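Bear in mind that the values here come from a model prediction, so they are computed numbers and not experimental data. Just so you know, these numbers use all the heavy atoms, side chains as well, and skip hydrogens, waters and symmetry mates. Just follow the structure's listing: the first ligand is 1, and inside any ligand the first atom is 1.
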Amino acid sequence: MAFDWSYTLGLLWSRDFWNASLTVVELSVATWVIAVVLGFFVALADRSPNLIVRRAAALYVWFFRSLPLLVLLIFVYNLPQAFPSTSNLLSVPFISGLLALVLSETAYIAEIHRGALVAVGKGQYEAGRVLGLSTTGIQRKIVIPQSLRIALPALGNEFISIVKLTSLVSVISLAEILLVGQRYYTQNFLVIETMVAVTFYYVLIVSVFDFGLKALERRLDFSRRTAQLTSEGADSNSAALFQPKVSGPVSNDAPAVRLERGGKAYGHHSVFAELDLTVKQGEVVSIIGPSGSGKTTLIRSLNGLETLDKGVVYVDGVPFLAGSQEVLNVRQKREDALRIGMVFQNFNLFPHKTALENVMMGPLYHKRGSHEEVRKEARYQLQQVGMLVHENKYPHQLSGGQQQRVAIARALAMHPSIMLFDEPTSALDPETVGEVLRIMAALAKSGRTMVIVTHEMKFAIEVSDRIIFMEGGKIVFDGSPELLIEKRKQDARLSDFVRI
Ligand SMILES: Nc1ncnc2c1ncn2[C@@H]1O[C@H](COP(=O)(O)OP(=O)(O)OP(=O)(O)O)[C@@H](O)[C@H]1O
């Protein structure tokens, strides 16, 4: 029997098929959108600190990924037999089909989101925290935009799977494309001709959405974005003329930051115990010492990125953080945290934001002025670190040294009274170390309170008022650079370590 082309071509204009295609599109889009949103919450639940929430999320994913969709569809559609009150809703095939698809797809999509959330590094959360963003602020401004971009190719792929899975909904009599086709060929037995038309409609839907999703992917892919250099001239001059409202020196005589009897252990490994550290207003203190001596843990304990087990941190004389075993009831307010700026070893710039947007993020979030005021000040800060010319570039378009300079501007834009630097040049190429150290030296000269963990011995000696040498979680030297140079002549350990 010859293939009946005119019949197949006729089906391409069939009202039944176009209506069925519309049903497939509606069902697929509704399933995808709902499952993308619910799946995100399941993925967040999977990372919750609460064990019960974590277990519940894992159970959901395990159960609905194990259950065949066909079984779920028949189960949901027939649920009214056991629960008659659901019959109004679930006897509508579109609604039962949507419910079954959402239950199943949420489990798969949660796994996609989980992978994307893991891919957004811990440093991004920490950068958000030191800018004083709330947990939801961090999710909204930093994590979701990045994880969506990472997840989008897989989410797009899942949409295509959903379109194809809708054909299973024919078992509960939803007039989707396959069911319409079946109705045709059971009357005329032109199975192949009808299935060619069915194929056409599925391929058409998938192709149109695939094209749209790819375009969206390209739009969200900040690594493809290009940037233009700011032209030197009037534009840069306006940044130079800008005068920031710098928070004045703190009027009390209290130390800028003080740690009292600090203790921190990871499991059974004690990093430091009963440690005291005081940094005066305007003082520049460098912390040096061998690898593993606890320098990073100490500096991160000062702003709460590491939770102390014991001890109290005072900022400007006011209790700011208390160790988890401390009886003292200190409630940390996010505003207090803003008095401490931090620069990380790995910069932790937000990759989906330009240099300028990175600097504007904190002040805009905290409503430190109108958008224009915040922008002006951000440009001023970028100019101070010699990065105004690169204001429109994304982090991936900048060298390590340039990224670190933007990170310094980002911290300064919050007007902190103390700046913490955690090995700010360790991740840099030797050629770019100098440009960051020069900016830091200028900051030190301007009277800013700074605590710097560093391996740059020459720099530490040149810019610091005090140098602390840590070993095995203990402060074994605390004094001026001159005293350190003097002492190392008699102390073999110091002379081993302090080589200028
Ligand atoms: N998250 C963690 N879990 C378990 N142990 C940790 C953790 N972070 C640090 N440590 C341990 O705590 C000790 C101090 O680490 P820390 O990073 O503070 O040292 P450091 O002096 O800054 O070293 P480096 O100069 O190499 O950065 C090390 O023994 C390290 O292995």
Would the F159 and F209 ring centres measure less than 6.0 Å apart? yes

Review point. Is L298 close to ligand 1, meaning an N/O of one under 3.5 Å from an N/O of the other?
Key: no

Any ion pair linking R300 and D422 (charged N to carboxylate O, less than 4.0 Å)? no

Worksheet item: So, R258 and E260, do they make that salt bridge, N to O below 4.0 Å?
Response: yes

By salt bridge (Lys or Arg N to Asp or Glu O under 4.0 Å), E435 pairs with (sequence neighbours left out) R405

*Do E357 and Y394 have a side chain donor and acceptor closer than 3.5 Å?*
no

### Check ion pair D316-R339 (N to O, under 4.0 angstrom)
yes

**Message:** Taking only non-hydrogen atoms of G267, do any sit less than 4.0 angstrom from ligand 1?
**Reply:** no

The protein heavy atom nearest to atom 17 (O) of ligand 1 is T296 CB, 3.7 Å

In K474, R261, K310, the residue satisfying side-chain hydrogen bond (donor to acceptor under 3.5 Å, both in side chains) with E274 is K310

Practice task
Look up atom 10 (N) of ligand 1 and tell me if a protein heavy atom lies less than 4.0 Å from it?
Solution key: yes

Donor-acceptor pair between H352 and Q124 side chains, under 3.5 angstrom:
no

Check: S134/Y365 side-chain N/O donor and acceptor closer than 3.5 Å: yes

Under 4.0 Å from one or more heavy atoms of P290, ligand 1 contributes atoms 21 (O)

**Asked** Taking both backbone and side-chain atoms of G294, is any N or O found less than 3.5 Å from an N or O belonging to ligand 1?
**Response** yes

For S291, the ligand 1 atoms with a heavy-atom partner under 4.0 Å come out as 23 (O), 24 (P), 25 (O), 26 (O)

Within the 4.0 Å heavy-atom cut-off, what T297 brings close to ligand 1 is both

Ranking H455, K295, E471 by closest non-hydrogen atom to atom 21 (O) of ligand 1, top hit is K295

Looking at ligand 1, does E306 have a heavy atom less than 4.0 Å from it?
no

Q.
Taking E111 first and then R114, would you say they form a salt bridge - that is, a charged N and a carboxylate O separated by under 4.0 Å?
A. yes

If you compare H269, E423, K264 by their heavy atoms, the one closest to atom 27 (O) of ligand 1 turns out to be E423

Atom 23 (O) of ligand 1 has as its nearest protein heavy atom G292 N, 2.9 Å

Among non-hydrogen protein atoms, atom 1 (N) of ligand 1 lies closest to Y266 CE2, 3.7 Å

So for M470 against ligand 1, with non-hydrogen atoms under 4.0 Å, the contacting part is neither

So the atoms of ligand 1 within less than 4.0 Å of a heavy atom of V271 turn out to be 12 (O), 14 (C)

